[in-house]
Amino acid sequence: MGKKLDQALAVLNGLVGDHLARTGNGLATEMAFYRGGAALPLSRPALIGALPQPSPRLVVLVHGVMSTEAIFGFPLAPDDHYGHRLERDLGFTPFYVRYNSGASIVENGARLAQLLHELVAAYPVPVEELVLVGYSMGGLLVRRACRVAELEKLSWLSHVKRAFYVGTPHLGAPAERLGRAVSALLRAIDDPYTRLVSEVSDLRSQGIRDLGDAHLHDADSPEARAREARALRAPHHPLPLLASIKHHLIAGSLTTNDAVAWLFGDSIVPLTSAAWRTQQPNEALPIDRVKVLRGLNHLMLAHNDDVYAQLRSWLEETS
Amino acid sequence: MKDVKRWKGLRALIGDAVEHGASAIERVQLETAKRPFTLLEQIPGLAEPVKSVHQIHDVVVTNAYEAVRLVNRAVGQALDAALDAVDEPVKEQPVAEPSEPHEPETSGDPNR
């Protein structure tokens, strides 16, 4: 019952979480690290109690939209996660973030930056390395949190040498942009029923809207936001990856056919977006830090042996 | 405490949905009715009576949806009060101190 309720709340938060947070609704999820289904207080005594053998190497995993950390559970062994395997195989101490995925990515990223600051400050042993793993929207939160840490000179960023993104829509999600365009079209038609359909469609949360353009900026004017709402592609997009970190990308592809994969990717995120194939050649990532896994849809990327093998392989390399 | 907070959240969410849903449907109904009324109001001789009917229609529709919103708010406030009452004893339960041993009370029942 607990996990099912958590899952139902995660879906609700993803759909209308910005409204829940704005109205102070008790169903809104507060961002926290979760362990064994419960929030982990970020105090040294609580961490000492929860972690019998804290490792100086930490891995923080961030889930995607409308889900919880349970998304990382393997179907046949729900308690077996990437984090659990990294602890067993490479000696990392895993931390799972749970958050309101309907709130804006900018807000969630800022909160994640603060949460990481509190974690490193309260951690029982000196931190040597902090590895960040973001799945889907979680990858965008990781990028935003790093950006905030850079701007605010938060010390935890110095521990981050490597970040991993799994199925993350770095260049946005076209499905959301298409939905936005259809909604705008329906709104423009002078008919009360089509406008009603448009209003219902516009109830989707800010977090989902942000996925359309991988929205990570915080200084946009209302005019720029309105312009972005009309465009199929935002003019300022994408935000560069932070240069001080080694970024590693895993993308899923439903088929081996390149054209179909280019269009549909893992069914939600196209390959160009998940694999950071920008129009700017100087922004391209080295080929050995981008892995496209064939035959995997978006959900499978969160709990798959091949994805874990790739993560492990990269993490075994000396940073 | 956390459960009560969530129940209150659910209550508020349903209240918001009814409030906004009623307003949206009201708008659709008023706009839909406006079209035939506007056409009829252009026919000479019919314009004045149709305008009156249009106004009466709009007032009746608006009042009906306002009643839905009022009942929704009243039910919401009643549920909030009930949830507060459920939560109250848990929050303010005094810690019982060990009491002195005392004489058993004598029963007033004459049959004992």
Side-chain angles (χ1 to χ4, degrees), chain A residues 1-32 34 36-41 66 68 98-103 183 186-207, chain B residues 1-42 54 57-58 60-62 64-65 68-69 72-73 75-88 90-91:
Chain A
M1 180 61 194
K3 275 188 181 175
K4 283 184 182 169
L5 178 62
D6 286 345
Q7 188 54 44
L9 287 175
V11 171
L12 186 68
N13 273 263
L15 284 172
V16 291
D18 55 340
H19 172 79
L20 297 178
R22 199 169 48 244
T23 55
N25 192 299
L27 296 174
T29 302
E30 290 281 331
M31 185 183 281
Y34 273 71
L40 183 63
M66 286 197 253
T68 68
R98 191 188 291 182
Y99 63 98
N100 175 356
S101 60
S183 180
L186 289 173
R187 205 178 312 119
I189 297 172
D190 184 23
D191 178 83
Y193 290 99
T194 54
R195 270 205 296 273
L196 181 64
V197 173
S198 166
E199 282 174 22
V200 171
S201 147
D202 285 343
L203 288 176
R204 69 197 188 284
S205 66
Q206 189 59 49
Chain B
M1 178 59 189
K2 193 177 177 185
D3 282 346
V4 170
K5 192 179 164 196
R6 283 179 171 172
W7 280 114
K8 277 187 163 185
L10 182 62
R11 201 285 306 152
L13 188 63
I14 292 171
D16 288 349
V18 172
E19 180 94 16
H20 292 121
S23 298
I25 303 286
E26 176 188 5
R27 205 161 49 243
V28 169
Q29 188 163 343
L30 290 173
E31 284 183 33
T32 308
K34 189 179 172 187
R35 292 181 175 190
F37 279 128
T38 307
L39 282 175
L40 290 170
E41 282 164 14
Q42 288 169 0
H54 190 176
H57 167 270
D58 285 0
V60 169
V61 168
T62 304
Y65 283 102
V68 171
R69 286 188 287 264
N72 176 49
R73 281 173 218 151
V75 170
Q77 283 169 1
L79 283 174
D80 274 347
L83 287 167
D84 282 340
V86 168
D87 202 25
E88 201 75 6
V90 180
K91 280 196 291 191

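Every chain is numbered from 1, with letters handed out A, B, ... down the list of sequences.
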* **chain B contact via Leu203(A) - which portion, at a heavy-atom distance below 4.5 Å** => neither

* Residues in side-chain contact (heavy atoms from CB on, under 4.5 Å) contact with Met66(A), at least two apart in sequence or another chain -> Val11(A), Leu15(A), Ile208(A)

* To do: Side chain from CB out, backbone as N, CA, C, O: work out which of these in Leu30(B) comes under 4.5 Å of a heavy atom of chain A, or both, or neither.
  => neither

Which donor-acceptor pairs lie under 3.5 Å between chain A and chain B?
{"unit_1": "His19(A)", "atom_1": "NE2", "unit_2": "Asp16(B)", "atom_2": "OD2", "d": "2.7"}
{"unit_1": "Asn25(A)", "atom_1": "ND2", "unit_2": "Gly9(B)", "atom_2": "O", "d": "2.9"}
{"unit_1": "Asp190(A)", "atom_1": "O", "unit_2": "Arg35(B)", "atom_2": "NH2", "d": "2.6"}
{"unit_1": "Arg195(A)", "atom_1": "NH2", "unit_2": "Glu31(B)", "atom_2": "OE1", "d": "2.4"}
{"unit_1": "Glu199(A)", "atom_1": "OE1", "unit_2": "Arg27(B)", "atom_2": "NH2", "d": "2.6"}
{"unit_1": "Glu199(A)", "atom_1": "OE2", "unit_2": "Arg27(B)", "atom_2": "NH2", "d": "2.8"}

